[in-house]
Amino acid sequence: MLKNELTEIIKQHKEDIGILVKDLSNNEILFNYNEEKIYPSASIIKVPIMIEAVSKADTLEIPLLEQVKIEDSNKVAFEDVKKALNKTI
């Protein structure tokens, strides 16, 4: 079912897509498409941010429907994020 749904979504769009869906409880790959293709990582930082936001919303730490203004003082350059991530890897 998941395979069919994802394949249909990919067919409906002309964008260059790469995806790998993995069950982290048993490392089983549930779906893959162009998974070995290399893409620029500029937007990939949004994924861990989204995962953390959904995790906190799931435990009711943050409401998903509330709009939050991000002040300039809380923003960082992407290069700073990359440097911080490289230190932890």
Side-chain angles (χ1 to χ4, degrees):
M1 183 166 105
L2 175 67
K3 252 183 199 180
N4 295 339
E5 289 178 41
L6 290 174
T7 301
E8 193 57 38
I9 291 169
I10 290 169
K11 284 181 185 177
Q12 292 173 9
H13 296 84
K14 295 183 188 217
E15 289 84 2
D16 186 15
I17 297 172
I19 185 170
L20 185 132
V21 179
K22 184 176 187 179
D23 183 339
L24 296 178
S25 67
N26 60 15
N27 288 328
E28 177 187 359
I29 294 175
L30 304 174
F31 180 81
N32 57 336
Y33 180 86
N34 280 345
E35 75 281 3
E36 293 188 15
K37 188 167 182 181
I38 298 173
Y39 294 92
S41 64
S43 292
I44 200 71
I45 191 65
K46 296 171 190 161
V47 174
I49 292 169
M50 179 217 38
I51 291 170
E52 183 64 17
V54 170
S55 174
K56 290 200 180 284
D58 193 42
T59 59
L60 303 177
E61 291 178 62
I62 61 169
L64 279 184
L65 298 177
E66 182 178 321
Q67 289 187 354
V68 177
K69 181 176 180 180
I70 300 173
E71 302 295 333
D72 286 341
S73 62
N74 291 324
K75 297 177 184 177
V76 296
F78 180 67
E79 286 300 315
D80 295 338
V81 174
K82 285 191 341 186
K83 287 177 190 173
L85 290 173
N86 284 334
K87 288 180 183 176
T88 62
I89 297 177

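No experiment lies behind these values; they were computed from the predicted model shown. When reading the values below, keep in mind they use all heavy atoms of this one structure, side chains included, and skip hydrogens, waters and symmetry mates.
Within 6.0 Å of CG in Leu64 there are more than 12 heavy atoms belonging to other residues, nucleotides or ligands. Atom CD of Glu36 has 12 or fewer heavy atoms from other residues, nucleotides or ligands within 6.0 Å.
By the 4.5 Å heavy-atom criterion applied to side chains, His13 and Ile9 are counted as neighbours.
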Check residues 70-78 and write down every donor-acceptor pair under 3.5 Å in which the side-chain atom is one partner and the other belongs to a residue at least two apart or another chain.
from: Asp72; atom 1: OD1; to: Lys75; atom 2: NZ; distance (Å): 3.2

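Judged as a side chain to side chain contact (heavy atoms under 4.5 Å, CB included), and not counting sequence neighbours, the contacts of Tyr33 are Ile10, Ile19, Phe31. Among residues two or more places apart in sequence or in another chain, the side chain to side chain donor-acceptor pair (under 3.5 Å) test is passed with Glu5 by none. Partners of Lys37 by side chain to side chain donor-acceptor pair (under 3.5 Å), not counting sequence neighbours, listed by chain and number: Asp16. Residues forming a side chain to side chain donor-acceptor pair (under 3.5 Å) with Asn34 (at least two apart in sequence, or on another chain): none. Under the rule for a side chain to side chain donor-acceptor pair (under 3.5 Å), Asn27 has no partner lying at least two apart in sequence or in another chain.
Atom CG of residue Asp23 and atom CD1 of residue Ile29 lie 11.0 Å apart, to the nearest 0.5 angstrom. Residue Lys46 holds its NZ atom at 14.5 Å from CD1 of Ile51, rounded to the nearest 0.5 Å.
Nearest heavy-atom pair across Lys3 and Leu30 is CE-O, 3.7 Å.
Cluster annotation: Met50 is not connected to Ile17 through the hydrophobic network of ILVMFWY side chains, with a link wherever side-chain heavy atoms come within less than 4.5 Å.
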